[in-house]
A.B. asks: 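For reference, the structure I am asking about is given below.
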Amino acid sequence: MAYLSRTTITPLLLTYENESMYLHIDPQGCALFEEDSTEPFHQIHEPLLLAHGIMTDSKTVHLVVLKTSGELCYTLISGPSMPQTTLIAKLDVRATIYRRLFLFPQGKIIHIFYAYSHHAMRNLWRIEHRCWNGSSWHSAHMGEVVHQQEPLYHVNLDNQGNLHLLTITFQGRHSLLFTNRFNGTFHIWGSPTETLKIPGEVVDMTALMTSDNVHHLYWIVKTSNEQFEIRWAQQTDAHELTSTWHPSPAPIKTFPSPWKNIGAIEKNGVLWLLAHTEEETLMQNDGKGWKLISSRTPFHLPLQWVHKGKKNFHQAYWLEDQVEKHAPAYYHELGIAIKKQADPWPASFQSLPAQVLPATPPPVPTFYPELLSPNSYPVQSISIPENESNSLNSSKVIDLQTITNQVPSTNETSNTPSPIEEVPESSPVEDAQPQLLKEPIQFERLASTVAHLEEENAELQDLVPTVARLEKENSELQSLIPTVALLKQENTELQSLVPAVALLQQENTELQSLVPTVALLKQENIELQSLVPTITLLKQEHAELQSLVPTVARLEKENSELQSLVPTVARLEKENSELQSLIPAVAFLKQENTELQNLIPSVAFLKQENAELQSLVPTITLLKQEHAELQSLVPTVALLEQENAELQRLISTVAHLEQENADMSLLLRNVLSRFNQVVEDLSNNSLQVNQESAVPALAGIHFNELEPVKDAMSNLEKETQSLSQVLRVMLAKQEESDSSLEKLETQLSQLQSSKEEVKNRGGFWNKWIT
C-alpha cells in the first residue's frame with residue numbers, strides 16, 4: 001500500500017534574498033504562507049508523499065508534489081494570478097518507495113530529481129531526472145546508489161547555470177563518490193566519473209556550492225566503536241571537469257549515537273554546519289577552521305531550507321525555531337532579521353467540533369502541530385441571554401434541565417472528578433511545576449479562553465434575529481392577556497417560586513461562567529497528570545544536580561584555568577589554519593612517497609649491482625693502469641702513422657720509378673737492338689775496302705746516337721744506387737715498424753681479452769661497457 005512507504009514530511013522554508021515563504025505539510029495536504037501572513041494563499045487538499053519548492057523571486061514560487069495517488073504534479077504560483085498545475089507522470093507508489101525530491105527551475109527549463117526503490121530491493125536506489133525543455137517533459141536515468149536507508153545523492157547549482165550531481169554508493173569496504181555535470185548552455189549531461197574513494201560506509205551526506213564556485217562535500221562515517229565522524233572534502237573550482245577533490249586529513253567532529261541528520265549552508269561567506277544527534281550542534285568555518293558555536297539538547301523541529309540568491313544557492317536540512325514561527329533555528333547566530341508576525345489563532349481550538357458540518361472539505365489544519373493536544377476537551381457552546389426585560393414573562397428562562405444534563409455528560413466523558421474537586425488537587429502540582437512550564441500554560445489558557453469567548457460572541461450575534469422574533473411573539477402574547485388572567489393564579493404560585501428561581505438563575509449564571517474554566521481545568525488536569533512522571537524525573541535530576549555542585553565548582557575552576565589557555569588556543573588555531581593551507585603540499589608529498597615506495601625494488605636491485613661493482617674495483621684499477629700505458633703509446637702510434645704515411649709516399653715514388661725503369665728498359669732494348677743492327681752492318685761492311693768513306697759517316701752517326709744512351713745509363717745507375725740505399729733504409733724502418741705493430745697488436749689483443757672477460761661477468765658493468 002502507498003501508506004506503508006510514507007515518511008514524516010518536514011515543512012519547507014523558502015527564501016529569496018531577504019524574502020521568505022513557509023510551506024506547511026501535514027497528512028491532509030499542504031498550505032503556503034507568506035512571511036507576514038497567518039492565512040495561506042495556496043492550499044492542496046490531498047495527502048502527499050513528497051513535496052519540494054523554491055522561490056525564484058519575491059512573488060514567484062515553484063512547487064512539485066507527489067500525492068498518495070501516485071500523481072507527480074508541478075505548480076507555478078506567480079503573484080496574484082491563478083496557480084498553474086501540470087500533471088507530469090503517474091507513478092507506482094504501491095510497490096515503490098520514493099525519497100529525496102529536488103526542484104531546479106531555470107527560466108523555461110525545469111529540472112526535477114527524485115530517487116526510488118522497489119520493496120523487493122530496498123538497498124538499491126535509482127535516481128531519476130525529469131526535465132521540461134519548454135515544450136515537453138523528458139525523463140533520464142542518472143544511475144544507482146546502494147544504501148540501506150536513504151539514497152545518498154545531492155544536486156547543486158553553480159553561477160554559470162550548471163547542475164552538479166553527486167552520488168555516494170557503498171562497495172565492499174569503501175564508498176565511492178561519482179560526479180556528473182549538466183551543461184546549462186548546451187543542456188546535455190556528461191559521463192559519471194569516480195572522483196573520490198572514501199574508507200568505510202557512509203551513512204549520511206550533504207553538499208554545498210559556495211558563491212565562488214568552491215564545491216564542499218560533507219559525509220558521516222560510522223566507526224568501529226559506534227561513533228560517528230563528520231568528514232569533508234572540497235573541490236576548488238567546480239567549473240573545471242578535471243578539478244580534483246581534496247579530503248580533510250582529520251574529521252571535523254565525532255558524535256555518539258544515535259545519528260539523525262546533517263545540514264550545511266553558506267551565509268555572508270561563512271560556512272555553517274548543523275549536526276542533529278542526541279544534541280543539536282552548530283559549527284562555523286570562516287576560513288580559520290571549524291569552531292563550535294552551540295551544542296544543546298534538541299527541542300527544535302526538523303525543517304528543510306531552500307534558499308536562492310543572486311550569487312548563491314543552497315538546499316539543506318535545518319531546524320525550525322520554536323519561538324519565532326516560520327524562522328530557522330539559530331537565526332540570531334546566522335545574522336538573519338526576522339519580521340514580527342501577528343499572533344495566529346491557537347491551533348487547539350481549530351480542532352474543536354463545529355455544530356454544523358461544512359459541505360466542502362475542511363481546510364488544511366493549522367501549521368502549529370506542536371500545540372495540538374491529543375486529549376483536547378470538547379467544550380459545549382451555551383447560549384447566554386443578550387438582554388432581559390423587567391417582567392418574568394418577557395425574560396428568556398434558561399433551561400435548567402439542559403444545564404444539569406450538560407455537566408454530568410462532561411464528567412462522564414472525561415472520567416475525572418468534578419471541577420470543584422479538581423482545583424485543590426491540581427494546585428499542588430502547579431506549585432511543584434517549574435516557573436518555565438507554568439508561564440506557557442497560563443498563556444495558552446488565556447489565549448484559549450479569549451478565543452472561546454469570541455466564538456460564543458459570534459454565536460450570540462447570530463441569535464440577534466431570533467431575539468427580535470421572540471420580542472415580536474411577546475407582543476402577540478400581550479394580546480392573550482385574558483388567557484393570562486386565567487394563568488394568574490398559577491402565576492401567583494409561580495411568584496412564590498421567584499426567589500428560588502432567582503437563586504437558581506444566579507447559580508446558573510455563575511455555572512455558565514465557570515463552564516469554560518471547568519473544561520479548561522479538566523484539560524489542564526489531564527496535561528498535568530501526564531507531567532507527573534516528568535516532574536518526578538525533574539526532582540530526581542534536581543537531586544542529582546545538587547550532588548554535582550562540587551563538580552561544578554571544580555569545573556568553574558578548570559574553566560578559569562582554560563580561560564588562561566585562550567591565547568594558546570588562538571595560536572594553535574592559527575597554526576591549524578596554516579597546517580590546513582599545507583594540505584595540498586602534504587597530498588603531493590604523499591603521492592611522491594607512493595612513487596618512491598614503488599622504486600624500492602629498483603633501489604634494492606641497484607644496491608645488488610653496486611655490490612657487484614665493488615667486486616670489480618681491482619679489475620677497473622688494472623684497466624685504468626693498462627689505459628694509462630696505452631695513453632703512453634699514443635705518441636709512438638702517431639709517429640708510426642706518420643712513418644707509414646711517408647712509406648706510402650715512398651711506395652708511390654718507387655712505383656713511379658719502376659714505371660720509369662720499365663720505360664728505360666724498353667728504350668734500352670730499342671737502343672741495343674739498333675746497336676746490334678749497327679754492329680751487324682759493320683760486320684757485313686768490313687770487307688768492303690772501297691767503302692771507307694761511308695764507314696766513318698755511318699760510324700759517326702751511330703756513335704753520336706750512343707752518347708745519350710750512355711748518359712741515360714749512367715744516370716740510371718746513379719738513381720738505382722740511390723734507390724737501393726733508400727730501399728735498404730726503408731726496409732730497415734719497415735722491419736722496426738713491423739716489430740712495433742706486432743707488439744701493439746699483442747697488447748691490444750690482451751686488452752680485448754680482458755674486456756671480454758669483464759663483459760662475460762654481466763650486470764651493471766656490461767650495461768656501462770655497452
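Numbers here are sequence positions counted from 1. Below, all heavy atoms of this structure are taken into account, side chains as well, without hydrogens, waters or symmetry copies.
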A.B. asks: Give a yes or no on this: more than 12 heavy atoms of other residues, nucleotides or ligands lie within 6.0 Å of atom CD of Gln149.
C.D. replies: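 For Gln149, atom CD is not crowded (no more than 12 foreign heavy atoms under 6.0 Å).
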A.B. asks: Are Phe102 and His154 close enough that their ring centers fall under 6.0 Å?
C.D. replies: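 Yes; His154 has its ring centre under 6.0 Å from that of Phe102.
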A.B. asks: OG/Ser175 to CG/Leu152 distance, rounded to the nearest 0.5 angstrom?
C.D. replies: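 Ser175 atom OG to Leu152 atom CG measures 8.0 Å (nearest 0.5 Å).
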A.B. asks: So how far is it from Cys131 SG to Trp137 CH2, rounded to the nearest 0.5 Å?
C.D. replies: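 Going from SG on Cys131 over to CH2 on Trp137, the span is 7.5 Å.
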A.B. asks: Side-chain contact, heavy-atom cut-off 4.5 Å: Val65 with Leu50?
C.D. replies: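 Heavy-atom side-chain distance check fails, nothing below 4.5 Å.
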A.B. asks: Ring centres under 6.0 Å, that's the criterion: do His300 and Trp318 meet it?
C.D. replies: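 No, they do not, as the ring centres are separated by 6.0 Å or more.
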A.B. asks: I need the full list of salt bridge (Lys or Arg N to Asp or Glu O under 4.0 Å) pairs touching residues 116-140, with sequence neighbours left out, sorted by first then second residue.
C.D. replies: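 Qualifying pairs: none.
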A.B. asks: Please determine whether side-chain contact (heavy atoms from CB on, under 4.5 Å) holds for the pair Glu35 and Glu19, giving the CA-CA distance in whole Å, both sets of side-chain angles, and the decisive distance to 0.1 Å.
C.D. replies: CA-CA 7 Å; Glu35 184 176 6; Glu19 302 290 334; 4.2 Å; yes
A.B. asks: With a cut-off of 6.0 Å (strictly less than), are more than 12 heavy atoms of other residues, nucleotides or ligands near CD of Gln148?
C.D. replies: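 It does not: Gln148 CD has 12 such atoms or fewer within range.
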A.B. asks: Looking only at heavy atoms, which two atoms of Pro247 and Trp219 are closest? And how far apart?
C.D. replies: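 In terms of heavy atoms, the two residues are closest at CB-CH2, 4.5 Å.
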A.B. asks: Which distance, rounded to the nearest 0.5 Å, do you find between the CD1 of Ile230 and the CE of Met205?
C.D. replies: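 Ile230 atom CD1 to Met205 atom CE measures 13.5 Å (nearest 0.5 Å).
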A.B. asks: Under the rule for side chain to side chain contact (heavy atoms under 4.5 Å, CB included), what residues qualify as partners of Glu71, not counting sequence neighbours?
C.D. replies: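 Glu71: side chain to side chain contact (heavy atoms under 4.5 Å, CB included) contacts with Lys67, Ser69, Cys73, Leu87, Lys90.
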A.B. asks: Enumerate the salt bridge (Lys or Arg N to Asp or Glu O under 4.0 Å) contacts for residues 183-195, please, sequence neighbours excluded, ordered by first and then second residue.
C.D. replies: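 Qualifying pairs: none.
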A.B. asks: Who are the salt bridge (charged side-chain N to carboxylate O under 4.0 Å, His left out) partners of Glu595, not counting sequence neighbours?
C.D. replies: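 Checked Glu595 against salt bridge (charged side-chain N to carboxylate O under 4.0 Å, His left out); zero matches.
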A.B. asks: State which residue, out of His52, His129, His62, His187, fulfils the ring-ring contact (aromatic ring centres under 6.0 Å, His included) condition with His111.
C.D. replies: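 Exactly one option meets the ring-ring contact (aromatic ring centres under 6.0 Å, His included) with His111, and it is His129.
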A.B. asks: For Ser136, which residues count as a side chain to side chain contact (heavy atoms under 4.5 Å, CB included) partner, sequence neighbours excluded?
C.D. replies: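 Only Asn133, His138 meet the side chain to side chain contact (heavy atoms under 4.5 Å, CB included) criterion with Ser136.
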A.B. asks: Which residues pass the side chain to side chain donor-acceptor pair (under 3.5 Å) test with His239, not counting sequence neighbours?
C.D. replies: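 Once residues adjacent in sequence are excluded, the partners of His239 under the side chain to side chain donor-acceptor pair (under 3.5 Å) criterion are Asn159, Gln160, Asn213.
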A.B. asks: Where do Leu208 and Ala264 come nearest, in terms of heavy atoms and distance?
C.D. replies: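 Heavy-atom minimum between the residues: CD1-O, 4.2 Å.
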A.B. asks: Please name all residues satisfying side chain to side chain donor-acceptor pair (under 3.5 Å) with Asp237, sequence neighbours left out, ordered by chain then number.
C.D. replies: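 Per chain and number, Asp237 pairs via side chain to side chain donor-acceptor pair (under 3.5 Å) with no residue.
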A.B. asks: Using a cut-off of 6.0 Å, state whether more than 12 heavy atoms not belonging to Gln84 lie near its atom CD.
C.D. replies: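 Atom CD in Gln84 is not crowded, with 12 or fewer foreign heavy atoms closer than 6.0 Å.
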A.B. asks: Taking all non-hydrogen atoms of both residues, which atom of Leu177 and which atom of Leu166 are closest, and how far apart?
C.D. replies: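 Nearest heavy atoms, Leu177 then Leu166: CD1-CB, 4.2 Å.
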A.B. asks: Quick check for you: to the nearest 0.5 Å, what is the distance between Asn18 atom CG and Ile336 atom CD1?
C.D. replies: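 With rounding to 0.5 Å, CG (Asn18) is 9.5 Å from CD1 (Ile336).
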A.B. asks: Given side chains that start at C-beta, do those of Tyr114 and Leu91 come closer than 4.5 Å, heavy atoms only?
C.D. replies: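 The answer is yes, as the side chains (C-beta and beyond) meet within the 4.5 Å cut-off.
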A.B. asks: Going by heavy atoms in the side chains, are Gln106 and Leu157 under 4.5 Å from each other?
C.D. replies: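 Touching, per the 4.5 Å side-chain cut-off.
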A.B. asks: Please examine the side chains of Leu303 and Tyr22, heavy atoms only from C-beta on, and report whether any two atoms are closer than 4.5 Å.
C.D. replies: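 Yes, close enough: below the 4.5 Å cut-off.
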A.B. asks: Between Phe104 and Phe313, does the ring centre distance come in under 6.0 Å?
C.D. replies: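 Aromatic pair counts; centres sit under 6.0 Å.
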A.B. asks: Could you tell me whether the side chain of Val221 reaches within less than 4.5 Å of the side chain of Phe228, counting heavy atoms only?
C.D. replies: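 Side chain of Phe228 against side chain of Val221, heavy atoms only: no contact under 4.5 Å found.
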A.B. asks: For the CG atom on Asp286, are there more than 12 heavy atoms of other groups (residues, nucleotides or ligands in this structure) within a distance under 6.0 Å?
C.D. replies: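 Count over threshold, so yes.
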A.B. asks: Between Leu273 and Ile262, is a side-chain contact (heavy atoms from CB on, under 4.5 Å) present by the stated rule, with each step listed?
C.D. replies: CA-CA 7 Å; Leu273 194 63; Ile262 184 175; 3.9 Å; yes
A.B. asks: Taking the side chain as every heavy atom from C-beta outward, state whether Ile583 and Pro249 have any atom pair closer than 4.5 Å.
C.D. replies: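 Ile583 vs Pro249: side chains touch.
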A.B. asks: Could you point out which residue of Thr179, Val155, Ile127 forms a side chain to side chain contact (heavy atoms under 4.5 Å, CB included) with Thr167?
C.D. replies: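 Of the listed residues Thr179, Val155, Ile127, the side chain to side chain contact (heavy atoms under 4.5 Å, CB included) partner of Thr167 is Ile127.
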A.B. asks: I'd like to check Leu217 versus Trp245 (side-chain heavy atoms, cut-off strictly below 4.5 Å). Are they in contact?
C.D. replies: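 Heavy-atom side-chain distance check passes, below 4.5 Å.
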A.B. asks: Test Asp57 against Lys310 for salt bridge (charged side-chain N to carboxylate O under 4.0 Å, His left out), laying out the working first.
C.D. replies: CA-CA 10 Å; Asp57 56 50; Lys310 294 181 180 178; over 6 Å; no
A.B. asks: Write down the atom of Gly29, the atom of Leu48, and the distance for their closest heavy-atom approach.
C.D. replies: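 Heavy atoms of Gly29 and Leu48 come nearest at C-CD1, 4.3 Å.
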A.B. asks: Does the side-chain contact (heavy atoms from CB on, under 4.5 Å) test come out yes or no for Trp305 and Ile265, once each step is laid out?
C.D. replies: CA-CA 9 Å; Trp305 190 357; Ile265 62 172; 3.5 Å; yes
A.B. asks: Sort and list the pairs that fulfil salt bridge (Lys or Arg N to Asp or Glu O under 4.0 Å) and have at least one residue in residues 214-232, not counting sequence neighbours.
C.D. replies: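 Every pair satisfying salt bridge (Lys or Arg N to Asp or Glu O under 4.0 Å) with a residue in residues 214-232: Lys222-Glu226, Glu229-Arg231.
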A.B. asks: Provide the closest heavy-atom pair for Ile198 versus Val202 in the form atom of the first, atom of the second, distance.
C.D. replies: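 Minimum heavy-atom separation between Ile198 and Val202: CG2-CG2, 4.1 Å.
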A.B. asks: Suppose we call two aromatic rings close when their centres sit under 6.0 Å apart. Are His147 and Trp125 close by that rule?
C.D. replies: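 Between Trp125 and His147, which both carry aromatic rings, the centre distance is not below 6.0 Å.
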A.B. asks: Identify, with sequence neighbours excluded, every residue that meets side chain to side chain contact (heavy atoms under 4.5 Å, CB included) alongside Lys253.
C.D. replies: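 Lys253 satisfies side chain to side chain contact (heavy atoms under 4.5 Å, CB included) with Phe255, Thr281, Met283 only.
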A.B. asks: Does any donor atom in the side chain of Asp158 or His164 lie under 3.5 Å from an acceptor atom in the other side chain?
C.D. replies: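 A donor-acceptor contact under 3.5 Å links the two side chains.
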A.B. asks: A side-chain contact here means heavy atoms from C-beta on lying under 4.5 Å apart; do Asn180 and Phe182 qualify?
C.D. replies: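 In short, these two side chains do not touch, never coming nearer than 4.5 Å.
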A.B. asks: Go through the structure and list residues passing side chain to side chain contact (heavy atoms under 4.5 Å, CB included) with Glu201, not counting sequence neighbours.
C.D. replies: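 With sequence neighbours excluded, Glu201 shows a side chain to side chain contact (heavy atoms under 4.5 Å, CB included) to Phe170, given in chain and number order.
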A.B. asks: Quick one: CG on Asn156 to CG on Leu165, what's the gap to the nearest 0.5 Å?
C.D. replies: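 Between Asn156 CG and Leu165 CG, I get 10.0 Å after rounding to 0.5 Å.
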A.B. asks: What do you reckon, is NE2 of His174 surrounded by more than 12 foreign heavy atoms closer than 6.0 Å?
C.D. replies: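 Yes, enclosed.
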A.B. asks: Has Arg173 got more than 12 heavy atoms of other residues, nucleotides or ligands less than 6.0 Å from its CZ?
C.D. replies: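 At most 12 heavy atoms, drawn from other residues, nucleotides or ligands, come within 6.0 Å of this atom.
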A.B. asks: Can you run down the salt bridge (Lys or Arg N to Asp or Glu O under 4.0 Å) pairs that involve residues 258-284, sequence neighbours left out, and say none if there aren't any?
C.D. replies: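 Not a single pair qualifies under salt bridge (Lys or Arg N to Asp or Glu O under 4.0 Å).
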A.B. asks: Report the distance from atom CD of Gln284 to atom NZ of Lys291, rounding to the nearest 0.5 Å.
C.D. replies: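 Those atoms lie 6.5 Å apart.
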A.B. asks: Would the distance check show the side chain of Ser117 and the main-chain N or O of Leu124 forming a donor-acceptor pair, the cut-off being under 3.5 Å?
C.D. replies: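 Side chain of Ser117 to backbone of Leu124, a donor-acceptor pair under 3.5 Å: yes, one is there.
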A.B. asks: Does either side chain, that of Thr96 or that of His118, offer a donor lying less than 3.5 Å from an acceptor on the other one?
C.D. replies: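 Looking only at side-chain atoms, His118 and Thr96 do not form any donor-acceptor pair under 3.5 Å.
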A.B. asks: Which heavy atom in His216 sits nearest to a heavy atom in Trp232, and how many Å separate them?
C.D. replies: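 Looking at all heavy atoms of both residues, the shortest contact is ND1-CZ3, 3.4 Å.
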A.B. asks: Listed by chain and number, what are the side chain to side chain donor-acceptor pair (under 3.5 Å) partners of Ser248, not counting sequence neighbours?
C.D. replies: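 Ser248 satisfies side chain to side chain donor-acceptor pair (under 3.5 Å) with no residue once adjacent residues are dropped.
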